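Okay, so here's the structure we're looking at.
Since we're looking at a predicted model, the values are computed, not measured.
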Amino acid sequence: MFVPCGDSVPDLAGFTFLMPAVSVGNVGQLAIDLIISTLNMCKIGYFYTDCLVPMVGNNPYATAEENSTELSINAEVYSLPSKKLVALQLRSIFIKYKSKPFCEKLLSWVKSSNCAKVIVLSSSHSYHRNDLQLRSTPFRYLLTPFLQKTVQNKIKSLNWEEMEKSPCIPEIDDSEFCIRIPGGGITKTLYDEGYSVMTPQHLPCSGKCQVHGDYSLAVVFLLRFFDLFSVL
């Protein structure tokens, strides 16, 4: 699945693996773009997969004429060894019924690479908020059981809000409660597989957006929380 740019496979043992979910507003993908361009991360490879809609374009991070003609595809991997950070950028949507196989292959590669932890940046629809969520921060997080043991107390000191459970079947009074991330794409699947998730769970969209379709504030908001989480 992973194809390195060079002759050898890079050593990613102990790295933090960062990726977006293809979710509402493309907030996770925009956040990854900002991280890659700001930190000047280097491309180390790509994912060869039939799970994503094929796509090719110009180098989105070109800084000079020399690299402006480089091509980019739908799933590329970037690295910053000095920070032990590796990022996957997804640039197209999943082909129907292919998202779960992609998650399974990705998880297998992450395990074989011995990455220390995985963080998923995601987003969700604002109109699914309940009254309590309307009165609190629009950011939510989810931790896997292992990370709950190691960083839960530190996160509590930041006064972050953990993602609440909601009725599995909306509008049904006797429905069981579970984690739901409407509009979150593969976020729930990745969480069930053992990833940690960070999401501006309720985007300032619809009537709350000053400019319809402008999610720049949500992206900056999400990255501020990622910056705090990455040092825990």
I need the minimum non-hydrogen distance between S92 and V22, along with the two atoms involved. O-CG2, 3.9 Å
Over all atoms of both residues, closest heavy-atom pair of A21 and S122: CB-OG, 3.7 Å
If you count the non-hydrogen atoms of other residues, nucleotides and ligands that lie under 6.0 Å from CD1 in I93, is the total more than 12? no
Would you sort out whether E161 and F139 count as a side chain to side chain contact (heavy atoms under 4.5 Å, CB included), showing the intermediate values? CA-CA 7 Å; E161 297 282 349; F139 173 84; over 6 Å; no
Under 3.5 Å, is there a donor on one side chain and an acceptor on the other for Y61 and D33? yes
What distance do T189 atom OG1 and F102 atom CZ have between them, rounded to the nearest 0.5 Å? 12.0 Å
Quick one: do M1 and I73 end up in the same hydrophobic cluster if we chain Ile, Leu, Val, Met, Phe, Trp and Tyr together by side-chain heavy atoms under 4.5 Å apart? no
Heavy-atom distance under 4.5 Å between the side chains of L90 and E76, does that happen here? no
Which pair of non-hydrogen atoms, one from V120 and one from P20, has the smallest distance, and what is that distance? CG1-C, 4.4 Å
Nearest 0.5 Å, what's the CG-CD1 distance between L80 and I36? 11.0 Å
Just how far is it from atom CG of N58 to atom OG1 of T69, taken to the nearest 0.5 Å? 8.5 Å
Min side-chain heavy-atom separation F15-V110 under 4.5 Å: no
Rounded to the nearest 0.5 Å, what separates atom CD1 in I181 from atom CE in M163? 5.5 Å
Backbone N/O of W109 and side chain of S113: donor-acceptor pair under 3.5 Å: yes
Run the side chain to side chain contact (heavy atoms under 4.5 Å, CB included) test on V3 and F47 for me, step by step, so that the C-alpha distance in whole Å, both residues' side-chain angles and the decisive distance to 0.1 Å come before the verdict. CA-CA 6 Å; V3 181; F47 281 150; over 6 Å; no
Counting C-beta onward and ignoring hydrogens, is there a side-chain heavy-atom pair between V86 and T16 closer than 4.5 Å? no
Okay, side chain of S123, backbone of V24: is any donor-acceptor separation there less than 3.5 Å? yes
For Y78 and Q89, which heavy atoms make the closest approach, and how far apart are they? CE1-CB, 4.5 Å
Proximity of Y46 and F2 rings by center, below 6.0 Å: no
Considering non-hydrogen atoms only, spot the tightest contact between K105 and D50 and give its length. NZ-OD1, 4.1 Å
Identify the heavy atoms of G185 and S23 that sit nearest to each other, and give their distance. N-CB, 4.4 Å
Shared hydrophobic cluster, I95 / M55 (ILVMFWY, side-chain heavy atoms < 4.5 Å): no
With the side chain counted from C-beta on, respond yes when P167 and E176 share a heavy-atom pair under 4.5 Å apart, and no when they do not. no
L106 vs T49, test: side chain to side chain contact (heavy atoms under 4.5 Å, CB included). Steps then yes/no. CA-CA 10 Å; L106 177 65; T49 174; over 6 Å; no
Could you measure the distance from the CG atom of N74 to the CG atom of L52? Nearest 0.5 Å is fine. 5.0 Å
Would a 4.5 Å heavy-atom cut-off, applied to side chains only, mark I32 and L121 as touching? yes
Treating R180 as the side-chain partner and K165 as the backbone partner, does any N or O pair qualify as donor plus acceptor under 3.5 Å? no
Are M19 and I186 side-chain neighbours, meaning at least one heavy-atom pair lies under 4.5 Å? yes
With a 6.0 Å cut-off (strictly less than), is the heavy-atom count around NZ of K84, excluding the residue itself, greater than 12? yes
Taking the side chain as C-beta and beyond, is there a heavy-atom pair between L85 and M41 under 4.5 Å? yes
Test item: side-chain donor near acceptor, N67 and E70, under 3.5 Å: no
Report the distance from atom CD of E66 to atom CG of N59, rounding to the nearest 0.5 Å. 12.0 Å
Do S79 and P10 touch side chain to side chain, with heavy atoms closer than 4.5 Å? no
